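Throughout, residue positions are numbered sequentially from 1 according to the sequence presented. Predicted model only: the values in this text are computed from it and were never measured.
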Amino acid sequence: ARDVQKRHQQWYLGKSFDGFAPCGPWIVPKRALVDSEGGCDPQKLLIGTTVNGERRQGSDTGQMIFDIRTLIETVSRCMTLRPG
């Protein structure tokens with residue numbers, strides 16, 4: 001994993017091999033997503049972090065460094081992604 005981390009500017013690839021990064025508990029189909037405008041645009045999805053019921057972070061996917069398509073393409077090189 002370290003060799004992948006060193007070749008890539010972001011360390012998420014070195015932490016994303018199958019079995020390295022459990023995801024969840026919620027991975028949902030596209031039809032279940034709602035963006036900040038009530039639609040389903042992956043570049044406007046609300047995202048956040050809650051710790052022990054307290055909201056710690058909040059933003060939307062349009063503020064991320066990489067767009068959703070690029071993230072999926074990059075991460076799928078070393079992690080199996082399945083629908084649902």
Side-chain angles (χ1 to χ4, degrees):
R2 293 276 186 230
D3 59 325
V4 173
Q5 288 174 342
K6 290 177 183 176
R7 287 194 314 258
H8 198 272
Q9 291 178 342
Q10 299 290 326
W11 282 52
Y12 65 84
L13 276 185
K15 298 177 183 284
S16 300
F17 292 107
D18 282 342
F20 279 48
C23 297
W26 300 284
I27 304 233
V28 298
K30 182 178 178 179
R31 68 182 177 276
L33 301 176
V34 179
D35 68 27
S36 58
E37 298 173 359
C40 180
D41 182 346
Q43 284 309 122
K44 295 178 184 175
L45 296 176
L46 298 174
I47 55 175
T49 303
T50 304
V51 178
N52 296 326
E54 180 185 339
R55 180 83 169 198
R56 300 280 178 96
Q57 296 176 314
S59 189
D60 66 69
T61 52
Q63 300 298 312
M64 298 187 331
I65 295 170
F66 301 106
D67 64 23
I68 298 297
R69 183 181 304 270
T70 301
L71 288 173
I72 291 171
E73 178 184 330
T74 304
V75 172
S76 67
R77 290 187 217 152
C78 61
M79 175 188 269
T80 305
L81 300 176
R82 296 187 181 113

Check your understanding: When you look at Leu33 and Asp35, which way does the side chain to side chain contact (heavy atoms under 4.5 Å, CB included) test go after all the steps?
Key -> CA-CA 7 Å; Leu33 301 176; Asp35 68 27; over 6 Å; no

Review point. Which heavy-atom pair separates Ile68 from Met64 by the least distance, and what is that distance?
Key: CD1-CE, 3.6 Å

Study note, to complete from the structure: Residues Asp60 and Gln43: closest non-hydrogen pair is OD1-O, 4.1 Å

Check your understanding: If two hydrophobic side chains count as joined below 4.5 Å and joins carry through other members, does Ile47 share a cluster with Ile65?
Key -> yes

Review point. Hey, is CZ on Arg69 packed in by over 12 heavy atoms from elsewhere, all under 6.0 Å?
Key: no

Review point. Judged by atom type as modelled, is there a donor-acceptor pair below 3.5 Å linking the side chain of Thr50 to the main-chain atoms of Arg55?
Key: no

Review point. Looking only at atom types and distance, does a side-chain atom of Ser76 sit under 3.5 Å from a main-chain N or O of Ile72, one as donor and one as acceptor?
Key: yes

Exercise for review: Identify which one of Leu71, Leu45, Leu46 satisfies the side-chain contact (heavy atoms from CB on, under 4.5 Å) criterion when paired with Thr61.
Suggested key: Leu45

